[in-house]
Amino acid sequence: METLGLIISVAHIAAAICLLNGLLTTFGQAKIASQAIESMARQPEAADNIRTSMFIGLAMAETSGIYGLLIAIIMLFANPLINTFVNLLT
Amino acid sequence: MGIGVKTFWTFNIFGVEVWITETIVNTWIIMLGLIALAIFARIKLRSFKEIPEGIQNFIEAAVDIFDGLAKSNLGEKLSYISPLFFSVFAFILSSALFSVFGLRAPTADFTTTFALAMLSFLMMLIMGFKHKKGKYLKSFFEPYPIFFPLNLIGELSKPISLSFRLFGNMLSGTIILTLYYALTPIFVQIGIPALLHAVFDVIFGALQTYIFVVVSLMFVKNAAD
């Protein structure tokens with residue numbers, strides 16, 4: 001039982017660490033948005049094209065953050081290690 | 001609404017277990033709505049006039065805007081596949097708007113998004129073989145044949161990243177709203193969730209729909225051009 005508690009607590013800590021990649025994702029997205037706004041202010045006639053590219057770039061940069069979120073969700077709700085441990089006991 | 005997907009009933013067909021889940025039922029409801037809308041538009045099509053008014057205005061604007069988007073991303077030559085992606089667009093957008101009513105969006109389940117991403121992937125392969133023929137196979141061995149495993153991984157990661165992006169965004173909205181409904185007392189559940197629904201379902205849903213379609217179109221163009 002103690003081992004199971006250890007596995008669950010380590011899984012929660014791992015999920016928290018996974019979500020730390022939000023720091024870098026946000027940094028990258030902030031850079032994209034600030035550059036896009038700067039170039040929009042410089043060339044207002046190209047604003048539509050820049051906005052389209054900005055949204056695509058934001059989505060691409062967001063992907064790594066989403067991967068971290070998914071790993072955290074798997075750790076919390078569908079952890080494969082707990083099943084392995086329960087199978088080992090029986 | 002909940003974090004997990006509920007299973008309504010299960011039955012056996014020749015020893016294979018078939019699960020009818022919340023996602024499938026919600027997909028049927030959306031399909032019913034979209035098919036009814038399509039039949040309605042088809043009947044209205046007979047009485048279309050030269051100068052549009054009312055519902056004709058709306059339909060023409062929707063088709064026109066999407067055709068412009070497809071043409072700007074695919075080019076004139078390949079834009080004949082835009083109706084397929086218009087239907088994908090309509091499905092994802094309506095399923096994102098579906099969760100405004102407190103029901104679970106079908107795209108918050110990985111099976112739905114993976115099926116949609118596989119559709120884009122198959123479309124990519126078909127268009128590549130149709131327009132480039134042997135050259136498409138050869139493009140896996142460029143610049144040198146030793147790069148084949150890298151190119152293969154690069155191609156296979158496209159549907160996975162496409163499906164995970166949509167799934168993660170929709171699931172995060174569902175989880176945040178489920179937590180809000182579960183943890184707060186009843187008197188703050190009247191006005192404030194509307195704001196959360198507007199951000200997580202309408203804005204993120206529309207943005208992710210746009211991005212899914214545009215990125216699929218870009219993949220198809222890269223394969224076929």
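Each chain gets a letter, A, B and so on, in the order its sequence line appears, and its residues count up from 1. All of these numbers come straight from a predicted model, not from anything done at the bench.
- The two atoms that bring A/Met60 and B/Val215 nearest to each other are CE-CG2, 4.0 Å, heavy atoms only.
- Closest approach of B/Gly168 and A/Leu70 over heavy atoms only: CA-CD2, 4.4 Å.
- Interface check for chain B: of the options A/Ile56, A/Ile66, A/Leu69, the most heavy-atom pairs under 4.5 Å are formed by A/Ile66.
- Counting heavy atoms from C-beta on, the side chains of B/Asn169 and A/Glu62 come closer than 4.5 Å.
- The environment of B/Ile146 atom CD1 is sparse: at most 12 non-hydrogen atoms of other residues, nucleotides or ligands sit within 6.0 angstrom.
- Within a 6.0 Å sphere centred on CG of A/Leu89, heavy atoms belonging to other residues, nucleotides or ligands number more than 12.
- Sparse packing is recorded around CZ of A/Phe27, with 12 or fewer heavy atoms of other residues, nucleotides or ligands lying under 6.0 Å away.
- Within a 6.0 Å radius of OH in B/Tyr144, other residues, nucleotides and ligands contribute 12 heavy atoms or fewer.
- Put simply, the side chain of A/Leu58 does not reach to within 4.5 Å of the side chain of B/Leu207, judged on heavy atoms.
- Per-residue counts of heavy-atom pairs under 4.5 Å with chain B were compared for A/Ala59, A/Ala78, A/Gly65; the largest is that of A/Ala59.
- The closest side-chain heavy-atom distance from B/Tyr210 to A/Thr52 is below 4.5 Å.
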